[in-house]
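These notes are about the structure you will find just below.
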Amino acid sequence: MANQGSPVNYEVAKNLGLTAEEFDRIKEIMGREPNFNELSIFSVMWSEHCSYKNSITWLKTLPRDGERLLVGAGEENAGLVDIGGGLACAFKIESHNHPSAIEPYQGAATGVGGIHRDIFTMGARPIAALNSLRFGDPELAHTKHLVEGVVAGIGDYGNCFGVPTVGGEVYFHSNYNQNILVNAMSAGIVKVGETCSAVADGPGNPVFIVGSATGKDGIHGATFASADLTEDSAEDLPAVQVGDPFQEKLLLEASLEVIQTGAVVGMQDMGAAGITCSTSEMSAKSGTGMTIDLDKVPTRQADMEPWEILLSESQERMLIVCEKGREDEVLAVFDKWDLECEHIGEVTDTGRLQFFSKGEIVADLPAEPLVLGGGAPVYQRESKRPTYLDKVDDFKVAEIPVPENMREAAWKTFTAPSIVSKRWITRQYDSMVRTNSMSTNAPSDAALVRVKGTDKALALTTDCNSAYVYADPHKGAMIAVAEAARNIVCSGGEPVAITNCLNFGNPYNPEAFYQFSNAVTGMGEACRAFGTPVTGGNVSFYNQSVYEDGRTEPVHPTPTIGMLGLLDHYKQQTTIPFVEDGDVIYLIGESHDCIGSSEYLRRVHGVEYSPAPHFEIESELKLHKTIKALIGDELLKSAHDVSDGGLFVTLMECAMAGGEGFRMDTDSVYRADAYLLGEAQSRVVVTAHPSRAAELEKLVRHHGETFRVLGHVGGDHAYIDGQDWGAIAEWKERYDNVLGELLD
């Protein structure tokens, strides 16, 4: 083997993100000292982003089995769930946090492109996109710049690609001033048995690279995503990829068509670590190897070094293994779609990856030790209870005065950036392309998408209140799963499975790892309770800023839950809006004197440290069973869960959506602020026609659930305890425009 690049040593390994121990382990695996190309390959494949070396021990504790599960976590590019009728849904969520913090437009756009590729690489056509976004203080110029770029990137890519953005969530908190979170989710439909796997079976089979040419964008992106952001991180701009949604649209159609030829043995998109990742993972999965001629890889720049080609994360590219002798069928499809398709190598039976350039081997290494579960290192990091939790424990609700003017407190809570309408953002997304969305005119708690050619509908949601997880990582993660399931149930669906995006600080920080490990435990407990197995997702560590003075600031722990639910018939849809004057308003579920971690407590009283809101998994399960029964018996005219902002915000959202006012009375048993603005879980506001009220109450009692008649729908004002709190239209005007005024 020719000498390749600079000599390698511990310092070079460190600069590539490897530890001295890992460098020694690499030399042991290789039986010699690696060259620079080989060390670069190990550095990206053993990065946290690719190897999950600091998280896999905990991820393995999550439930992975379910009746509908066809492909589970880690088996393919995305999870796959049987939805009946010979169809399956592929879905997944992933982060693009660091790139979006440095270059928000391309960072967010390529996050959308990457997650869609994970779906259609499996042979599924993407039909819906969602996202979960976290930004800092919206009054800061830097936050405005990031929001503008991220939203434009998501909107432009999705709109051009032709997949509707049907749902999501957006939160604002100063904790995310530097480290924003951009999580993208995609869901697609495929016929059972017509999926494509990321394998490299059959020694002698040809290997093709298809799609865009390879450039220097995104090099060491996986390593970049596995380190803290610093004040110098802007210098890592080349680690941010550049996307082309029109090229991806061609790649989508060509990929789905070439799969139908039957000539494709395996396919994988080139995401993190590019050619390196796809060749190693496909080979390791099949127990095979590959020889790759890097000179045949189409490049955008002349004289690219082998390691640059190997590590590039240029977008809109696929690696395909096809049956030997059927090359012309594959080439014909990509030629039809005017996409470059180059034969760059072959599958071997050696179990090794051999990369050539200018006729010489530039890297020769085993595939298995590169990948998760093969030989990548696995660590159990130190965990320590965060000291700030002492402040949480010291909180005493009795020391918080109940506001004399509850309307004023409600107004301040209602107009919080995380509560108000996100239409300034969502109007930049196309939610109706492909005409499957059911939620545009009649919103539900979850986004509902018709499965064309059937009566079925998917229910999709992303959920996580990071304030709850910060206050109690275990309970907060359970609540994230519970709220996702509650949103699907309130929409008329049955929760089926989840994908997750686990956004945390540096895993070498014991307090951050405590948050992570306890959140994973809570998530697993909730998923087992709801029967929603984990189909995959990703872990995003290192969401932590390091400043010149040595200060570090991790983001609030944010385990975002992307949940899939199913409606066997789209007519089961239950919506949020109040419908008709005289309808009876009920609160299903038990209230509590709880204001912990509420938006009200932060906005009105300035309290940042308080317990997570009241939550009991048994109560949540009973609530879901009750709501399902009420919807099944067609007793409800609307349903909306109580979550951020409490009962008052829930009522106002129902009123604004339906253009109807309401009258309600509080319960003197509870503190007025806790009753109206507290965020105790396991509660749902529903309405029913007066003629069905007796049936509703009988059924709720049958299930042993608590309920209370709050009042009635009617008029165009909100009346609480007989006091006129103002016109719904006035509240809606502020609700619709607050965010735009802050960001414009």
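Since this is a predicted model, take the numbers as computed values, not measurements.
- Applying the salt bridge (charged side-chain N to carboxylate O under 4.0 Å, His left out) test to R352 and every residue at least two apart in sequence or in another chain returns D364.
- Of all the heavy atoms in V330 and A263, the pair that sits closest is CG2-CB, 4.1 Å.
- Here the NZ atom belonging to K191 is positioned 8.0 Å from the CG atom belonging to L87, to the nearest 0.5 angstrom.
- With values rounded to the nearest 0.5 angstrom, T535 atom OG1 is found 8.0 Å from N500 atom CG.
- Rounded to the nearest 0.5 Å, atoms CG (L251) and OG (S212) are 7.5 Å apart.
- The salt bridge (charged side-chain N to carboxylate O under 4.0 Å, His left out) contacts involving residues 276-291 comprise E76-K285, where partners must be two or more places apart or lie in separate chains.
- Contact check for V321 versus V207: side-chain heavy atoms found under the 4.5 Å cut-off.
- Between Q301 and E308 there is no side-chain heavy-atom pair separated by less than 4.5 Å.
- With hydrogens and angles ignored, the 3.5 Å screen pairs no side-chain donor or acceptor of S132 with any backbone N or O of N183.
- When all heavy atoms of L339 and G211 are compared, the pair lying nearest together is CD2-CA, 4.5 Å.
- Looking at S55 and L502, their side chains never come closer than 4.5 Å, going by heavy atoms from C-beta outward.
- Every residue two or more places apart in sequence or in another chain was checked for a salt bridge (charged side-chain N to carboxylate O under 4.0 Å, His left out) with D201, and none qualifies.
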Worked check of side chain to side chain contact (heavy atoms under 4.5 Å, CB included) between F356 and D295:
CA-CA 8 Å; F356 291 80; D295 294 337; over 6 Å; no
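- The side-chain hydrogen bond (donor to acceptor under 3.5 Å, both in side chains) test applied to T121 returns no partner, not counting sequence neighbours.
- Using a 4.5 Å heavy-atom cutoff, the side chains of I154 and Y429 are in contact.
- Counted by atom type alone, N97 and N543 present one or more donor-acceptor pairs between their side chains at under 3.5 Å.
- For Y105, the side-chain hydrogen bond (donor to acceptor under 3.5 Å, both in side chains) partners at least two apart in sequence or on another chain are D156.
- Salt-bridge annotation for E253 and R125: present, with a side-chain N of the basic residue lying under 4.0 Å from a carboxylate O of the acidic one.
- A distance of 6.0 Å separates CD in E169 from OG1 in T560, rounded to the nearest 0.5 Å.
- Taking the side chain as every heavy atom from C-beta outward, V163 and S186 never approach each other to under 4.5 Å.
- The distance from atom SG of C341 to atom CD1 of I320, rounded to the nearest 0.5 Å, is 6.0 Å.
- The two residues P206 and E327 come nearest to each other via the heavy atoms CG-OE2, 3.5 Å.
- Of the possible polar contacts, none joining the S444 side chain to the A446 backbone as a donor-acceptor pair under 3.5 Å is found.
- For K456 and D568, the salt-bridge test passes: some basic side-chain N is under 4.0 Å from an acidic carboxylate O.
- In this view, F42 and W46 satisfy the ring-ring contact (aromatic ring centres under 6.0 Å, His included) rule, not counting sequence neighbours.
- For the pair K336/V333, no side-chain contact is recorded, criterion being any heavy-atom separation below 4.5 Å from C-beta on.
- For E342, there are no side-chain hydrogen bond (donor to acceptor under 3.5 Å, both in side chains) partners two or more places apart in sequence or in a different chain.
- The shortest heavy-atom contact between H49 and N538 is CE1-ND2, 4.5 Å.
- Under the salt bridge (charged side-chain N to carboxylate O under 4.0 Å, His left out) criterion, E305 pairs with no residue, sequence neighbours left out.
- Sorted by first and then second residue, the salt bridge (charged side-chain N to carboxylate O under 4.0 Å, His left out) pairs with a member in residues 83-99 read K92-E94, K92-D118; sequence neighbours excluded.
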Worked verdict on M270 versus R117 for side chain to side chain contact (heavy atoms under 4.5 Å, CB included):
CA-CA 9 Å; M270 292 187 186; R117 279 197 305 281; over 6 Å; no
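- In plain terms, the two heavy atoms of V170 and K422 that are nearest each other are O-CE, 3.3 Å.
- Shortest non-hydrogen contact noted between G168 and T462 is CA-OG1, 3.4 Å.
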Would you please test M304 and L294 for side chain to side chain contact (heavy atoms under 4.5 Å, CB included) and show each step?
CA-CA 10 Å; M304 287 182 68; L294 297 178; over 6 Å; no
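- For the atom pair L319 CG and Q268 CD, the distance stands at 8.0 Å (nearest 0.5 Å).
- Evaluation of the ring-ring contact (aromatic ring centres under 6.0 Å, His included) test over residues 180-212, restricted to residues two or more places apart or in two chains, returns F208-H343.
- Side chain of E148 to backbone of H145: no donor-acceptor contact under 3.5 angstrom is found.
- Proximity of a side-chain donor or acceptor of T276 to a complementary backbone N or O of L310 within less than 3.5 Å is detected.
- Applying the salt bridge (charged side-chain N to carboxylate O under 4.0 Å, His left out) test to residues at least two apart or on different chains, none of the pairs has a partner in residues 79-91.
- Side-chain contact between D335 and L331 is absent, with no heavy atoms from C-beta onward closer than 4.5 Å.
- In this structure, T499 contributes its side chain and I93 its backbone to a donor-acceptor pair below 3.5 Å.
- A side-chain donor-acceptor contact under 3.5 Å links Q428 to the backbone of W424.
- A donor-acceptor distance shorter than 3.5 angstrom exists from the side chain of H96 to the backbone of G107, with no hydrogens or angles considered.
- Between the side chain of N159 and the backbone N or O of G155 there is at least one donor-acceptor pair closer than 3.5 Å.
- Looking at I209, L311, I41, L353 one by one, the single match for side chain to side chain contact (heavy atoms under 4.5 Å, CB included) with I275 turns out to be I209.
- The side-chain heavy atoms of L566 and V81, taken from C-beta on, include no pair separated by under 4.5 Å.
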With side chain to side chain contact (heavy atoms under 4.5 Å, CB included) as the criterion, how do L458 and C89 come out once you've worked through the C-alpha distance, each side chain's angles and the decisive distance to 0.1 Å?
CA-CA 9 Å; L458 304 181; C89 176; 3.9 Å; yes
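- Remark: R300 pairs with D217 by the salt bridge (charged side-chain N to carboxylate O under 4.0 Å, His left out) rule, at least two apart or across chains.
- Judged by distance alone, the side chain of R326 and the main-chain N or O of G262 form a donor-acceptor pair under 3.5 Å.
- No more than 12 heavy atoms of other residues, nucleotides or ligands lie within 6.0 Å of NZ in K324, so this atom counts as exposed by the packing criterion.
- No donor-acceptor pair closer than 3.5 Å links the side chain of H116 to the backbone N or O of F161.
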